[in-house]
Amino acid sequence: MSEFWPTELRVSKDRCRLTVTFDDGASFDLSAELLRVLSPSAEVQGHGPGQRVTVPGKRNVQIISVQPTGNYAVRIGFDDFHDTGIYTWTYLRELGEKGEELFRAYEQELAEKGMSRDKSEKPR
């Protein structure tokens, strides 16, 4: 069970951001790109240590659905047809608190692999 409970999840009108507000008053504005490239899905995270992949070309990805999963998470669907990530309240809070740092690390991974936020190619 999460110690963090959302009181509101709101997708922006342009479908490029998700605002998550928690019961302690903390609120985070998360980009669709951040949510997509750091998806908790096995497709992105792999099935074990060292299997995570870097997903390029998602700068303009949009959120098309947010579906409750039990009382502990949501499944977010994106317009690139990725919809297998289950985002727990704890993970959404982590993305809110550490998102800038995590996104900088993602951008560094892209650069190291010669990949781009704009060009879609096979994740590696």
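Note that CD1 of I64 and NE2 of H82 are 11.5 Å apart. Values are rounded to the nearest 0.5 Å. Within the model, atoms CD of Q67 and CG of D83 stand 9.5 Å from one another, a figure rounded to the nearest 0.5 Å. Separation of atoms CZ (F103) and CG (L95) is listed at 11.5 Å; rounding is to 0.5 Å. The distance from the CG atom of D29 to the SG atom of C16 is 11.0 Å, given to the nearest 0.5 Å. Distance CD/E94 to CD/E101: 9.5 Å, rounded to 0.5 Å. Atoms CG and CD1, from D79 and I63 in turn, are 9.5 Å apart once rounded to the nearest 0.5 Å.
The main-chain N or O of P6 is never found under 3.5 Å from a side-chain atom of D23 such that the two would form a donor-acceptor pair. Checking side-chain atoms of Q62 against main-chain N and O of D14 turns up a donor-acceptor pair under 3.5 Å. For Y106 (side chain) and V55 (main-chain N/O), a donor-acceptor pair under 3.5 Å exists by modelled atom type. With hydrogens and angles ignored, the 3.5 Å screen pairs no side-chain donor or acceptor of T84 with any backbone N or O of S41. Proximity of a side-chain donor or acceptor of R75 to a complementary backbone N or O of I86 within less than 3.5 Å is not detected.
The heavy-atom pair separating S116 from P56 by the smallest distance is O-CB, 3.4 Å. A pairwise comparison of heavy atoms in F78 and A32 identifies CE2-O, 3.6 Å as the closest pair. Y91 and P40 make their closest contact through CE2-CD, 3.8 Å (heavy atoms, listed as atom of the first residue, atom of the second, distance).
Other residues, nucleotides and ligands contribute at most 12 non-hydrogen atoms within 6.0 Å of the CD atom of E100.
Among the candidates R117, K58, R59, the single residue satisfying the salt bridge (charged side-chain N to carboxylate O under 4.0 Å, His left out) test with E33 is R117. Exactly one of E3, E8, R93 qualifies for a side-chain contact (heavy atoms from CB on, under 4.5 Å) with F22. That residue is R93.
Side-chain N/O atoms of T88 and T90 include no donor and acceptor closer than 3.5 Å.
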*Check step by step if side chain to side chain contact (heavy atoms under 4.5 Å, CB included) holds for L92 and L35.*
CA-CA 9 Å; L92 287 172; L35 292 164; 4.0 Å; yes
_Let's go through L38 and V44 carefully: what are the C-alpha distance in whole Å and the side-chain angles of both, what is the deciding distance for side chain to side chain contact (heavy atoms under 4.5 Å, CB included) to 0.1 Å, and is it a yes or a no?_
CA-CA 7 Å; L38 296 177; V44 174; over 6 Å; no
*Please lay out, stage by stage, how R36 and D80 fare under the test salt bridge (charged side-chain N to carboxylate O under 4.0 Å, His left out).*
CA-CA 9 Å; R36 174 61 180 91; D80 67 353; 2.8 Å; yes
*asked:* For a side chain to side chain contact (heavy atoms under 4.5 Å, CB included) check, start with the C-alpha distance between T19 and S27, then their side-chain angles and the critical distance, and finish with the verdict.
replied: CA-CA 7 Å; T19 302; S27 183; 3.7 Å; yes
